[in-house]
Trainee: 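I have a structure here, written as structure tokens, and I will follow up with some questions on it.
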Amino acid sequence: MTDEYINEKERFGHWKDTAALLRGEGVWNLTETFLRLWNFEVDDEREREDISAYRHDVVTAAANGYVQPFSDSPLDRENVAENFFLNVINKASDYVYITTPYLVIANELQTALCLAAKNGVDVRLITPGIPDKKNVYYVTQSHYLPLLEAGVKIYEYTPGFLHAKMVLSDDQVGLIGTVNMDYRSFYFHYECGIAFYNAPILRDIKDDFIKTMDVSHEVTVAEAKATPISRRIWRTLLKVFSPIM
């Protein structure tokens, strides 16, 4: 956490992020995730936390929909976050909106996005207008042209760096979390997120998407094709190192 996260200090223009406040039973999933990771890192058996000691009965107001916190881990064979993205994209019938600071994706996700757009789904991606890591930004832009040509709409957040990681589809499914659309998040990191299904918060997420798109620049196919040849070559070279970005 640094000062630019709260715009106390400006390094990459306005820092745009998104968070959700969670109350009730769903909090326990995140508590358990933290404590299991803590216990994994602790060598001394005596310093490990008793997870059950942190479980408390809670009283919450009745709410509609479902809230499912989850965590990912490079220590198992389940790519939970990547599978979530693939499922949402593949099952969308009306639209899919995604914000991501980094777009460093493998063929599976790129194909899923392209096929959804070709099937008539309104697929929109929002990426930063001002990068925090230039080489990763170049790799992000290297994915623009095939996506745009397939019908995906891409926006760059004009005021600055977009750090929010969100997904919304068909007014039914949403995600707020730490998951970037890149190899590091999908395969190497302990990422976490909160998935929502038919929950009231989805209206707030959609409002946030619309407000963010209103201050973003829509990238066109012509712009993507106008990239100088020297930068295209550099992007191609950088893509070789995509799995470690």
Side-chain angles (χ1 to χ4, degrees), residues 1 5 17-42 48-58 60-92 95-106 108-109 112-113 116 123 125-126 162-206 208-209 243:
M1 302 296 289
Y5 277 44
D17 226 321
T18 304
L21 173 63
L22 196 60
R23 292 189 178 97
E25 281 294 315
V27 176
W28 170 243
N29 296 61
L30 296 176
T31 305
E32 184 177 10
T33 296
F34 173 83
L35 291 173
R36 289 190 183 280
L37 180 59
W38 177 277
N39 287 342
F40 174 78
E41 292 292 338
V42 172
R48 294 180 181 173
E49 295 287 346
D50 178 11
I51 292 177
S52 62
Y54 291 87
R55 183 67 189 257
H56 302 287
D57 292 331
V58 295
T60 57
N64 297 322
Y66 297 90
V67 177
Q68 179 62 62
F70 67 87
S71 63
D72 223 329
S73 168
L75 303 177
D76 58 34
R77 297 179 181 274
E78 290 289 334
N79 297 326
V80 178
E82 184 182 34
N83 290 339
F84 176 89
F85 275 79
L86 287 169
N87 277 330
V88 170
I89 295 167
N90 290 333
K91 291 183 178 182
Y95 73 87
V96 177
Y97 297 161
I98 300 172
T99 65
T100 181
Y102 316 116
L103 186 65
V104 186
I105 52 178
E108 291 84 356
L109 262 176
L113 290 167
V123 182
L125 302 176
I126 311 178
L162 181 138
H163 193 243
K165 307 98 160 70
M166 298 192 298
V167 180
L168 182 66
S169 176
D170 295 349
D171 292 344
Q172 290 185 323
V173 182
L175 168 71
I176 295 176
T178 69
V179 186
N180 302 309
M181 291 184 74
D182 61 15
Y183 289 90
R184 296 178 70 87
S185 277
F186 290 145
Y187 304 117
F188 305 139
H189 288 176
Y190 294 88
E191 302 290 3
C192 62
I194 307 171
F196 305 98
Y197 179 75
N198 281 342
I201 193 176
L202 296 177
R203 292 191 295 269
D204 297 324
I205 295 175
K206 190 170 187 178
D208 193 45
F209 266 107

Trainee: Heavy atoms only: give me the nearest Leu86-Ala112 pair and the separation to one decimal.
Mentor: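 Closest approach of Leu86 to Ala112, heavy atoms only: CD2-CB, 4.0 Å.
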Trainee: Within this structure, what is the CD-CD1 distance for the pair Glu108 and Ile89, rounded to the nearest 0.5 Å?
Mentor: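 Interatomic distance, Glu108 CD to Ile89 CD1, rounded to 0.5 Å: 11.5 Å.
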Trainee: Could you report the tightest heavy-atom contact between Ile194 and Val67, atom names first, then the distance?
Mentor: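 Distance-wise, the nearest heavy atoms are CG2-CG1, 3.5 Å.
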Trainee: Keeping the roles fixed (side chain from Thr99, backbone from Met166), state whether a donor-acceptor pair exists under 3.5 Å.
Mentor: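 Yes: the side chain of Thr99 pairs with the backbone of Met166.
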Trainee: List the steps, then state whether side chain to side chain contact (heavy atoms under 4.5 Å, CB included) holds for Thr100 with Leu125.
Mentor: CA-CA 8 Å; Thr100 181; Leu125 302 176; 5.6 Å; no
Trainee: Identify the two heavy atoms, one from Ile201 and one from Ala20, that lie closest to each other, and give their separation to 0.1 Å.
Mentor: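 Looks like CD1-CB, 4.1 Å.
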Trainee: When you measure from the side chain of Thr178 to the backbone N and O of Glu191, does any donor-acceptor pair fall under 3.5 Å?
Mentor: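 Not a single qualifying donor-acceptor pair exists.
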Trainee: How many angstroms lie between atom CG of Asn180 and atom NE2 of His163, to the nearest 0.5 angstrom?
Mentor: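 Going from the CG atom of Asn180 to the NE2 atom of His163 covers 6.5 Å.
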Trainee: Knowing that exactly one of Val167, Leu168, Thr18, Asp204 qualifies, which makes a side-chain contact (heavy atoms from CB on, under 4.5 Å) with Ile176?
Mentor: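 Only one of Val167, Leu168, Thr18, Asp204 forms a side-chain contact (heavy atoms from CB on, under 4.5 Å) with Ile176, namely Thr18.
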Trainee: Under the side chain to side chain contact (heavy atoms under 4.5 Å, CB included) rule, what do Tyr95 and Asp170 come out as? Steps first, then yes or no, please.
Mentor: CA-CA 5 Å; Tyr95 73 87; Asp170 295 349; 4.3 Å; yes
Trainee: If I compare all heavy atoms of Tyr190 with all of Ser73, which pair ends up nearest, and what's the gap?
Mentor: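 Of all heavy-atom pairs spanning Tyr190 and Ser73, the closest is CE2-OG, 3.7 Å.
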Trainee: Does any part of the side chain of Ile105, heavy atoms only, come nearer than 4.5 Å to the side chain of Asp182, both counted from C-beta?
Mentor: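 They are not in side-chain contact.
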Trainee: Could you check if a side-chain atom of Tyr102 sits within less than 4.5 angstrom of a side-chain atom of Tyr183, using non-hydrogen atoms only?
Mentor: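 In short, these two side chains do not touch, never coming nearer than 4.5 Å.
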Trainee: Specify the closest pair of heavy atoms between Pro69 and Gly26, including all atoms of both residues, with the distance to one decimal.
Mentor: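 So the minimum-distance heavy-atom pair works out to CG-O, 3.2 Å.
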Trainee: Look only at the side chain of Asp72 and the backbone of Ala81, and say whether a donor-acceptor pair between them is shorter than 3.5 Å.
Mentor: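 Between the backbone of Ala81 and the side chain of Asp72 there is a qualifying donor-acceptor contact (under 3.5 Å).
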Trainee: Is there side-chain contact between Ile126 and Leu162, with heavy atoms separated by less than 4.5 Å?
Mentor: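 Yes - at least one pair of side-chain heavy atoms lies under 4.5 Å apart.
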Trainee: Return the CZ to CZ distance between Phe85 and Phe186, rounded to the nearest 0.5 Å.
Mentor: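 Interatomic distance, Phe85 CZ to Phe186 CZ, rounded to 0.5 Å: 5.0 Å.
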Trainee: Rounded to the nearest 0.5 Å, how far apart are CG of Leu175 and CD1 of Ile98?
Mentor: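 Spacing of CG (Leu175) from CD1 (Ile98) equals 9.5 Å.
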Trainee: Can you measure from CG (Asn79) to CG (Asp76) and round to the nearest 0.5 angstrom?
Mentor: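 Between Asn79 CG and Asp76 CG, I get 8.0 Å after rounding to 0.5 Å.
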Trainee: Heavy-atom distance under 4.5 Å between the side chains of Phe196 and Val173, does that happen here?
Mentor: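 No - every pair of side-chain heavy atoms lies 4.5 Å or more apart.
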Trainee: Could you state the interatomic distance from CZ (Phe34) to CG (Asn39), rounded to the nearest 0.5 Å?
Mentor: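 Atom-to-atom, Phe34:CZ and Asn39:CG are 9.5 Å apart.
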Trainee: Side chain of Ser185, backbone of Met181: donor and acceptor closer than 3.5 Å?
Mentor: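 Such a contact is absent between Ser185 side chain and Met181 backbone.
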Trainee: Does atom OH (Tyr5) have a neighbourhood of more than 12 heavy atoms from anything else shown, all under 6.0 Å?
Mentor: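 Yes.
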